[in-house]
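What follows is a set of notes on a single structure, which appears directly below.
We count ligands from 1, going down the list as the structure has it; atoms in each ligand are counted the same way. Keep in mind it's a predicted model, so treat the numbers as computed, not measured.
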Amino acid sequence: MDSIGSSLNRWMDKDWKERMARLEKEVFAYPGVIDFKRRHPHIPAEEYEKNKAALFEYKRERSNCDACPGLENCPNLMQGYQPELMEDKGKVTVAYHRCSLKVHDDEKKKRQALIKSYYIPKEILHASFDQVDMDHESRAKAGTAALHFASTTVPGEDGQGLYLYGKFGVGKTYIAGAIMNELAARNIGSMIVHVPDFFREIKESLSDNTVREKVDSVKGVPVLILDDLGAESMSAWTRDDILGVILQYRMMEKLPTVYTSNYDYSELEEHLTYSQKGGNERLKAKRIMERIRPFTEEVFMDGQNRRG
Ligand code: ADP
Ligand code: MG
C-alpha cells in the first residue's frame, strides 16, 4: 500500500509535469519565440530544449511589455528593460535593452539635470513654447523673441541675452521656463534665479561665509535667468558686490543673461539708483545698466494677468 506521502508526491509530480507541459506549449506558441525561430532556421530544435530557461524568462518579461502598465509600474526585473532573444554562438540567450519609454524618460532626466533653479515653482520648469499662446500682439512678440533666443544662442559667443518686462502675472517667468526647456533640448545648461529670494539668501549667507560659493555657483552657468529683477530690496552691497560681480563676469565670458522684470530699462536704472541707505548713486546704477542694456534686447510683454 502506498504511503500518503508517496501518493501525494506522485500527485504533485503529475500536477507539476502538466503545468510544465502547458507552460512550454505557451512559450513555443508565443509570437516573439515563433518569430525568432523563423529568423534562425539554422538553430537546431535541441538548442531550444536546452535553453528553455531563457525562453521562459524571455516570455515572462516580454509579456509584461505586451501589457505595459507604464514605466513607473514596470514589473520587469530591471525596470524599463525589455528582453530580446539573441543567438550567441549557436545558443539561444536573452539580452536586455532599454524600452522606448525608458529611453524617453532617461533623456528627460538628462535634460532636467541641465536645469537648475533657485526658488522657482516646479510648474514653470515644464513650460513649453507650445503652451505660450500668442493671442496678444506683445505676447506673440515676446514669445517669438524668446524662442529665437533659445533656439539660436551659443553661450560664450556674443553674450547677447533678453530683457523681458511687463506687468505682474502676464507670463514672463513662464516664458523663462520655456526658454530653459528649449535650451535643455539643445543640451545647453541654464539656471533660473528669483532675484529677491536670492539676494535674501545671499545676505543670510554672510553669517556662514558661503556668499562667494553662492555667487560662484550662479555667475558661470551657460544661460542665467534673473527672474524679477527690480522686485528685490536693493542695497549698495547686493547691487555692486553681488549683481555687479555676476554681470561683470558674464560680460567678460560672453555668457548670455535673460532678465524678467516689472520695470523697463529706465525704471530699473531708477530703482538701482537708490539703495536702502537713501544715497543717490546714479553712477553705480549706470554701471550696472552698462552690463545689461548692450547685452539684451528689451521686449515688452502685455496681456491679462494670468494669476486671476
Ligand atoms: P509673471 O512672471 O509675468 O508675473 P508668470 O509667468 O508667473 O507671470 O505667470 C502667471 C501665472 O500664469 C502662472 O501661474 C503661470 O504658470 C501661468 N501661465 C503663464 N503663462 C502661461 C501659459 N502660456 N500657459 C499656461 N499657464 C501660464
Ligand atoms: Mg514672474
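For the pair C68 and L101, the minimum side-chain heavy-atom distance is below 4.5 Å.
Considering only non-hydrogen protein atoms, atom 25 (C) of ligand 1 sits nearest to R306 NH1, 3.8 Å. Distance from atom 7 (O) of ligand 1 to its nearest protein heavy atom, with residue and atom name: R307 NH2, 3.1 Å. The protein non-hydrogen atom at the shortest distance from atom 6 (O) of ligand 1 is Y174 N, 2.8 Å. Nearest protein heavy-atom neighbour of atom 2 (O) of ligand 1: T173 OG1, 2.7 Å. For atom 16 (O) of ligand 1, the nearest protein heavy atom (residue, atom name, distance) is E123 OE2, 3.2 Å.
One distance of note links CZ of R139 with CE of M301; it measures 5.0 Å at 0.5 Å rounding.
With 3.5 Å as the limit, one finds a donor-acceptor pair spanning the side chains of T296 and Y265. Checked by atom type, the side-chain pair E232/H271 shows a donor-acceptor distance below 3.5 Å. Counted by atom type alone, N51 and Y58 present zero donor-acceptor pairs between their side chains at under 3.5 Å. D227 and T173 share a donor-acceptor pair across their side chains, judged by distance under 3.5 Å alone.
Salt-bridge formation is not detected for the pair R287/E290: no Lys NZ or Arg NE/NH1/NH2 atom is positioned less than 4.0 Å from an Asp or Glu carboxylate oxygen.
Evaluated by nearest non-hydrogen atom to atom 9 (O) of ligand 1, the leading choice among G143, A127, G171 is G171.
For the pair K37 and Y48, the cation-pi criterion (under 6.0 Å, within 45° of the ring axis) is fulfilled.
Inclusion of T173 in the first shell of the Mg ion (ligand 2) is supported: an N, O or S atom falls under 2.8 Å.
T260 does not count as a contact of ligand 1, since none of its heavy atoms falls under 4.0 Å from the ligand.
Close approach to Q131 involves these atoms of ligand 1, each under 4.0 Å from a residue heavy atom: 22 (C), 23 (N), 24 (N).
Between K172 and ligand 1, at least one N/O pair is under 3.5 Å apart. Between G169 and ligand 1, an N or O atom pair is found at a separation short of 3.5 Å.
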